[in-house]
Structures are given as C-alpha cells and as structure tokens.
Amino acid sequence: MKAVAISPAKVILFGEHFVVGGNSAISMSIDLPTTVTVEHFTQNQVQVKSDDLEVEAVFSQDGKLARSSGENAETTLRPVFQATAFTLKKLNKPEHGLKISVTSKVPIGMGLGSSAATAVGTVIGIATLHGSKISNDDVFEAAYSLERMVHGHPSGVDQATVTYGGLISYRKGKVNDKLRVTKPPLMIIGNTGKRRSTGEFVGRVTRLRETQPNEYGKIASEAQMIADKAAEWLATDQPEKLGALMNENQRLLESVGVSSPELETLISAARAAGALGAKLTGGGGGGCMIALVEDSTQLKVSQAIERAGGQTVPGRFTPKGAQASLCDA
Ligand code: PMV
C-alpha cells in the first residue's frame, strides 16, 4: 500500500513581504503539481528521493545521514526528512520506517511555493498512509510550524494556499477568506531563471520595518489598501482596475528593495505587450513575475516575456488544495 499526495503550486497576487509584518495578502493555487509518494520501509529509516533532481538520501530516525547519492542530496532532501520526522511525531509513530519520493513540475526557489508544496504533500501523504483523517487546518498548522522551525518568521501564506487551494485572502496564521470570484484572473507567469533566497529579501524588509518604522508603516498601509481594493475588484471581475493595482503593488515592492533588474525587464515587456498589470510574485530579487492578461492578449504577452529573456511557466488557477489517496503499491 502507498499514499500519493498531490499539491498545487501558488502565486501571490498582492501583499507579499508586507504579509510578514501583519498585512493581508491575496494568493491563488495553480495547477503545477508536486507529487509525494509515501510507502512503508522495512528498515527503521527514512529514505527520500527525487527522480527529477537525481538525488537520494537515507536518514536515520535521529536525523543522521546514513547515505546519499547525487549532487547536494542532503541539503535538497533534509527538509523532506524534517517534515517526515515532524509528522511521525505528531501521529505518535516516531520510529516508523518510510520511503518517500517527490516529483514536481514547480521550478525550485522561484517564488512558486515548491517547498510548501513538498512539505504539505509529505504531511498529508504520511497521515493518509497511516489511516489518519487530518483536517486542512491541522495540515496547515503542521506545515506552518515546520516552516517556522526551518526559516525563522515566515507568514505561512505559501502553506495556506497550497493546503486550502483556490483564491484566498490571508493574514498571518490564518485564512481570512476564500474569495469567491466569477472568473479567476488569467495570469501569465514569467520566470527570470534567477534563483534567490526568500529569506535574504524577507530580512531586508524586516530591517526596514525595525529601523524605519514610520517609513515602513506608510508603505505597508498603502499595500493594505491595495490588497483590500484588490479583493473587491476580484469579486466584481474588474480586470483593468486589478491590473492597475498590480502595478501600484510593484512600485511599493521596488521601494522596499525586493525587485530586481531581471524582474523589471520582464514586467516592462509584459506591460508594453498589453498586460493589464504586472508585478513580481513571492520573495522577489529574481524568481518569477506575473502579468494579468485577457484571452486576446495572452499570446502576445507570453511571447514578449520570452523575447525579453524570461521563461513562461504553464500554470493556471486551480480551486483544488493538496489531496492524498491510498493505492496499491
Ligand atoms: O517563498 P516565496 O518566495 O514564495 O515568498 C513567500 C512570500 C513572502 O511574503 C516573501 C514571505 C512570507 O513568508 O510570506
């Protein structure tokens, strides 16, 4: 018997970075799957592998690396081991051997939620294999606690979006609202190909918040007004107004130092080709941008992003959060 968990990826439409300081953000899940397969292992160890990345590692229950193969195998796979150990402890099965395999269509370290998708998939995959009914709230809580252990002060927006799915308004620690929209926004995702660390850019904004609270406060309240208006324009399907808000949100992100020339090149190209609005998505500094388009402009905008040196990522809105089921091995 094995459990197969499939998690979506995510894009943040409004409010990244400011959400860490207590603002709300709007994000949506996209149909780029990460699949985590979990099986019992005869040995009392945790074997983790990724065929896409050609890495494999075996950890003993106390976290020591028993063996590994492939480049950077331990660094790449240790977060999966940590998610596993955490979940086994929660389920009161700390000494259980498991084999875990991860495959993903999500580019890593590009702001599309690859690590949240893997963590959430691991939690629900293990719970499902052990026959435990686990609620979305518990999955989110587990993945968020785990992220806090590994990364300091994340907002949890990635874990929430991947767990619950759909279009959500999120404030630190909890989903405020599942936004009901008649038509989900049509976004083109452009990848700069520049991998960066979200932590570094979160640190930059945190320093600004701590050292210049008045300056930060003004920018953050503008960002909050944008997120509030965006929820309204999403609900009433007003793409032009939504696009203008994306541009304003990008300006604020530039002012706190989390944009990059690579992102701005793709953003300008998308706007010039007819996108209603464009901004970076996620941690910034590289990674991905998003452009709001209409059916009639999507091809032109995609081509402009590619001509400007970006790679378009083929993800679209999905209402589905992470899900797992049991099947025969
Ligand atoms: O991990 P990324 O790059 O998708 O960014 C997450 C969003 C941030 O607001 C930058 C960080 C956070 O914890 O909310």
With no hydrogens and no angle check, do the side chains of [X] and [Y] hold a donor and an acceptor under 3.5 Å apart?
X: E294; Y: Q298; result: no
X: D62; Y: S60; result: yes
X: S260; Y: E262; result: yes
X: N247; Y: R271; result: yes
X: E264; Y: S259; result: yes

Short question: side chain of [X], backbone of [Y] - any donor-acceptor pair under 3.5 Å?
X: S29; Y: T318; answer: yes
X: N249; Y: G15; answer: yes
X: S27; Y: T161; answer: no
X: K320; Y: I6; answer: no
X: E306; Y: T312; answer: yes
X: T76; Y: N72; answer: yes

Exercise for review: Would you name the heavy atoms of T34 and T118 that are closest together and state the gap between them?
Suggested key: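 Looks like CG2-OG1, 3.9 Å.
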Show me the donor-acceptor pairs within less than 3.5 Å that the side chains of residues 204-211 make with the rest of the protein, sequence neighbours left out.
unit_1, atom_1, unit_2, atom_2, d
R204, NH1, G257, O, 2.8
T206, OG1, V202, O, 2.8
T211, OG1, R207, O, 2.7

With rounding to the nearest 0.5 Å, note down the distance linking [atom1] in [X] to [atom2] in [Y].
X: L98; Y: F59; atom1: CG; atom2: CZ; value: 13.0 Å
X: M1; Y: T128; atom1: CE; atom2: OG1; value: 11.5 Å
X: K178; Y: S169; atom1: NZ; atom2: OG; value: 12.5 Å

Review point. Between R67 and E74, is the closest basic N to carboxylate O distance under 4.0 Å?
Key: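 No.
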Review point. Salt-bridged, K279 to E16, with N to O below 4.0 Å?
Key: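 Answer for the salt bridge query: yes.
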Show every donor-acceptor pair shorter than 3.5 Å between a side-chain atom in residues 81-92 and any protein atom, with sequence neighbours excluded, or say none if there are none.
unit_1, atom_1, unit_2, atom_2, d
T84, OG1, V80, O, 2.7
T87, OG1, A83, O, 2.6

Practice item. Could you walk me through whether Q224 and S24 pass the side-chain hydrogen bond (donor to acceptor under 3.5 Å, both in side chains) test, one step at a time? Key: CA-CA 7 Å; Q224 185 58 56; S24 54; 2.7 Å; yes
Review point. Relative to each other, are the rings of H130 and H40 parallel, tilted or perpendicular (30° and 60° limits)?
Key: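 Judged by the thresholds at 30° and 60°, the geometry between H130 and H40 is perpendicular.
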Point to revise | Mutual orientation of the aromatic rings belonging to Y216 and F18 [parallel < 30°, tilted 30-60°, perpendicular > 60°] | key: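 Answer is tilted, since the angle falls between 30° and 60°.
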Practice item. Please step through side-chain hydrogen bond (donor to acceptor under 3.5 Å, both in side chains) for the pair Y144 and D158, ending with a clear verdict. Key: CA-CA 9 Å; Y144 183 33; D158 288 18; over 6 Å; no
